[in-house]
Trainee: 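Quick one: the structure is below, questions incoming.
We count ligands from 1, going down the list as the structure has it; atoms in each ligand are counted the same way. If you read the sequence from its start, that first residue is 1, and numbering goes on from there.
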Amino acid sequence: MRYFTSVDDIGPLDVAVKEALEVKRDRFAYSHLGRNKTLMMIFFNSSLRTRLSTQKAAMNLGMNVIVLDVNNGAWKLETERGVIMDGDCPEHLLEAVPVMGCYCDIIGVRSFARFESKHDDYNEKILNQFIKYSGRPVFSMEAATGHPLQAFADLITIEEHKTKERPKVVLTWAPHPRALPQAVPNSFAQWMNAAGYDFVITHPEGYELAPEFVGDAKVIYDQDEALRGADFVYAKNWSAFADPNYGQILSKDRAWTITSEKMALTDNAYFMHCLPVRRNMIVSDDVIESDRSLVIPEAANREISAEVVLKRLLESL
Ligand code: AN0
Ligand code: CP
């Protein structure tokens with residue numbers, strides 16, 4: 001595997017999950033693989049889990065790790081070619097990316113949707129420049145349209161907790177005060193479809209995700225109806241995808257917050273969220289603190305999904 005930006009890069013999911021569970025049983029089994037290899041993690045946006053879990057995974061594999069917060073201590077980067085650079089940015093991405101490639105063997109990139117241009121976001125303009133110009137294997141640590149390391153960790157978590165071959169998994173929109181990208185729900189939908197679960201998406205009208213991510217999922221606008229009989233409830237806010245409202249907040253309706261009353265509609269479902277989460281906007285205190293909450297096991301599995309991805313990228317060197 002040379003790149004990891006979507007479910008298509010990982011091959012058969014049953015094989016990937018099996019490999020993940022093996023790595024989880026002995027996370028130091030491949031500690032020779034990354035010897036004298038350097039991971040560079042580039043952050044254009046904030047992170048707690050991705051930064052820590054990916055560094056831990058790299059250390060499990062014996063790698064050296066360099067982390068750069070682009071917005072904190074590096075030159076501000078121009079990303080547009082052809083710009084007369086007489087403004088804020090002393091350096092262009094087109095030099096910075098190949099320079100970064102000189103100092104490492106593998107590059108991870110976090111670069112959220114900017115909501116300035118839907119075309120640029122959905123063409124993964126920043127991530128693709130790393131793929132094109134770094135000369136290194138590149139993986140997404142949440143880019144504009146996807147967060148595959150998160151979706152992989154979520155898949156592992158569901159596989160560990162499911163009691164039915166084909167559980168009912170419900171992705172529900174929930175309210176949030178700021179406009180968030182569609183990356184997490186896009187990837188979650190892509191991976192749930194690929195896993196072949198009974199997969200339902202529920203959100204207020206206007207929050208339809210891009211059809212290529214929705215795939216064959218059932219879309220139900222009535223949240224209560226969608227939640228009935230669910231085995232897993234995955235809550236997440238996202239901003240509108242559809243034109244002309246791309247990147248906009250259309251609703252902050254707290255009737256969509258996941259509460260114990262909402263969870264009572266399910267088949268004693270587990271609650272999931274990628275974190276960070278705003279309590280009592282997305283989910284009530286009692287639900288996230290309940291023994292059916294998987295938010296910490298999901299975060300723990302981020303180390304495992306990152307280790308499988310780094311292992312496969314190292315094997316391609
Ligand atoms: C980000 C998002 O919704 O994409 C990161 C989630 C992992 N969340 C926030 O910006 C709060
Ligand atoms: N879930 C996740 O990616 O968290 P961070 O934004 O803290 O990395």
Side-chain angles (χ1 to χ4, degrees), residues 4-6 39 41-58 65 67-72 108-115 118 121-122 124 126-127 139-158 171-191 201 203 207 209-210 213 234-241 246-252 256-258 271-283 288 293-310:
F4 179 70
T5 65
S6 93
L39 168 65
M41 295 198 276
I42 305 294
F43 287 93
F44 289 86
N45 308 93
S46 304
S47 169
L48 186 148
R49 277 145 293 274
T50 303
R51 178 175 180 150
L52 298 177
S53 63
T54 311
Q55 177 157 0
K56 176 63 164 63
V65 181
V67 182
L68 180 66
D69 288 316
V70 176
N71 302 322
N72 188 7
V109 181
R110 168 160 286 202
S111 170
F112 291 176
R114 299 177 168 196
F115 298 137
K118 182 174 178 175
D121 287 345
Y122 271 72
E124 290 289 4
I126 304 294
L127 183 67
F139 66 99
S140 165
M141 300 195 301
E142 186 174 340
T145 64
H147 193 1
L149 282 174
Q150 181 65 48
F152 187 11
D154 295 331
L155 173 68
I156 298 164
T157 311
I158 292 173
L171 166 62
T172 179
W173 179 93
H176 191 276
R178 306 229 199 295
L180 295 184
Q182 297 100 33
V184 170
N186 282 347
S187 281
F188 187 72
Q190 190 179 46
W191 287 65
I201 306 176
H203 53 70
Y207 278 101
L209 294 165
F213 294 105
Y234 194 95
K236 182 71 184 86
N237 173 268
W238 63 87
S239 60
F241 167 76
Y246 178 66
Q248 311 258 308
I249 297 175
L250 307 179
S251 165
K252 294 183 187 173
W256 283 77
T257 301
I258 296 296
F271 173 80
M272 301 180 72
H273 189 279
C274 63
L275 305 181
V277 74
R278 290 185 185 242
R279 284 178 174 223
N280 305 308
M281 288 294 299
I282 303 285
V283 58
I288 196 168
S293 172
L294 293 179
V295 296
I296 307 303
E298 287 174 82
N301 279 334
R302 289 294 306 277
E303 178 184 342
I304 307 306
S305 64
E307 188 166 342
V308 171
V309 167
L310 286 172

Trainee: Heavy-atom contacts with Glu142 under 4.0 Å: which atoms of ligand 1 show up? List them by number with element.
Mentor: 2 (C), 4 (O), 5 (C), 6 (C), 7 (C)
Trainee: Against ligand 1, does Ala183 come closer than 4.0 Å with any heavy atom?
Mentor: no
Trainee: Looking only at atom types and distance, does a side-chain atom of Ser187 sit under 3.5 Å from a main-chain N or O of His147, one as donor and one as acceptor?
Mentor: yes
Trainee: Tell me which part of Leu149 gets within contact of ligand 2: side chain, backbone, both or neither, using heavy atoms under 4.0 Å.
Mentor: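 Near ligand 2, Leu149 shows nothing, with every heavy atom at 4.0 Å or more.
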Trainee: Checking a contact table here: which protein heavy atom is nearest atom 4 (O) of ligand 2, and how many Å away?
Mentor: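 In this structure, atom 4 (O) of ligand 2 has Arg49 NE, 2.8 Å as its nearest protein heavy atom.
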Trainee: Using the rule side chain to side chain contact (heavy atoms under 4.5 Å, CB included), only one of Arg110, Met141, Arg114 pairs with Asn45; which is it?
Mentor: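 Testing each of Arg110, Met141, Arg114 against Asn45, the sole residue satisfying side chain to side chain contact (heavy atoms under 4.5 Å, CB included) is Arg110.
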Trainee: Check each atom of ligand 2 against the heavy atoms of Thr50 and keep those under 4.0 Å away; list them by number with element.
Mentor: 2 (C), 3 (O), 5 (P), 8 (O)
Trainee: Considering only heavy atoms of Pro181, which atoms of ligand 1 have at least one such atom less than 4.0 Å away?
Mentor: 2 (C), 3 (O), 4 (O)
Trainee: Could a heavy atom of Met141 be found less than 4.0 Å from some atom of ligand 2?
Mentor: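 In this structure, Met141 fails to qualify as a contact of ligand 2 - no heavy atom is under 4.0 Å.
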Trainee: Select the closest option to atom 8 (N) of ligand 1 among Leu275, Leu180, Val277, Asn237, judged by heavy-atom distance.
Mentor: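 That would be Leu180.
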Trainee: Parallel, tilted or perpendicular for Tyr207 and Trp173, by the 30°/60° rule?
Mentor: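 Rings of Tyr207 and Trp173: tilted, as their planes differ by 30° to 60°.
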Trainee: Can you report which non-hydrogen protein atom sits closest to atom 2 (C) of ligand 2, along with the distance?
Mentor: Arg302 NH1, 3.3 Å
Trainee: Just do the side chain to side chain contact (heavy atoms under 4.5 Å, CB included) check on Asp154 and Trp191 with the steps written out, would you?
Mentor: CA-CA 9 Å; Asp154 295 331; Trp191 287 65; over 6 Å; no
Trainee: Please determine if Glu142 has a nitrogen or oxygen closer than 3.5 Å to a nitrogen or oxygen of ligand 2.
Mentor: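 Looking only at distances, the answer is no, because the N/O contact criterion of under 3.5 Å is not met.
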Trainee: Non-hydrogen atoms of Lys236 versus ligand 1: any pair closer than 4.0 Å?
Mentor: yes
Trainee: Please report which non-hydrogen protein atom sits nearest to atom 6 (O) of ligand 2, along with the residue it belongs to and the distance in Å to one decimal place.
Mentor: Arg110 NH1, 2.8 Å
Trainee: Between Glu142, Arg302, Arg49, Lys236, which is the residue that forms a side chain to side chain donor-acceptor pair (under 3.5 Å) with Gln150?
Mentor: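 That would be Arg302.
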Trainee: Just which atoms of ligand 2 are under 4.0 Å from any heavy atom in His147?
Mentor: 2 (C), 3 (O)
Trainee: Can you find an N/O atom of Gln150 closer than 3.5 Å to an N/O atom of ligand 2?
Mentor: yes
Trainee: If only side-chain N and O atoms count, and only distance matters, is there a donor-acceptor pair under 3.5 Å linking Thr145 with Gln182?
Mentor: no
Trainee: Under 30°, 30 to 60°, or over 60°: which ring-plane class applies to Phe4 and Phe152, parallel, tilted or perpendicular?
Mentor: tilted
Trainee: For ligand 2 and Arg51, I'd like to know whether there is a polar contact (N/O to N/O, distance under 3.5 Å).
Mentor: no
Trainee: Using modelled atom types and a 3.5 Å cut-off, is there a donor and acceptor pairing between side-chain atoms of Asp121 and backbone atoms of Phe115?
Mentor: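 It does hold such a pair.
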Trainee: Any atoms of ligand 2 less than 4.0 Å from a non-hydrogen atom of Leu48? List them with their elements.
Mentor: 5 (P), 7 (O), 8 (O)
Trainee: Classify the ring geometry of His203 against Trp238: parallel below 30°, tilted from 30° to 60°, perpendicular beyond 60°.
Mentor: perpendicular
Trainee: Under the side chain to side chain contact (heavy atoms under 4.5 Å, CB included) rule, what do Ile201 and Phe188 come out as? Steps first, then yes or no, please.
Mentor: CA-CA 10 Å; Ile201 306 176; Phe188 187 72; over 6 Å; no
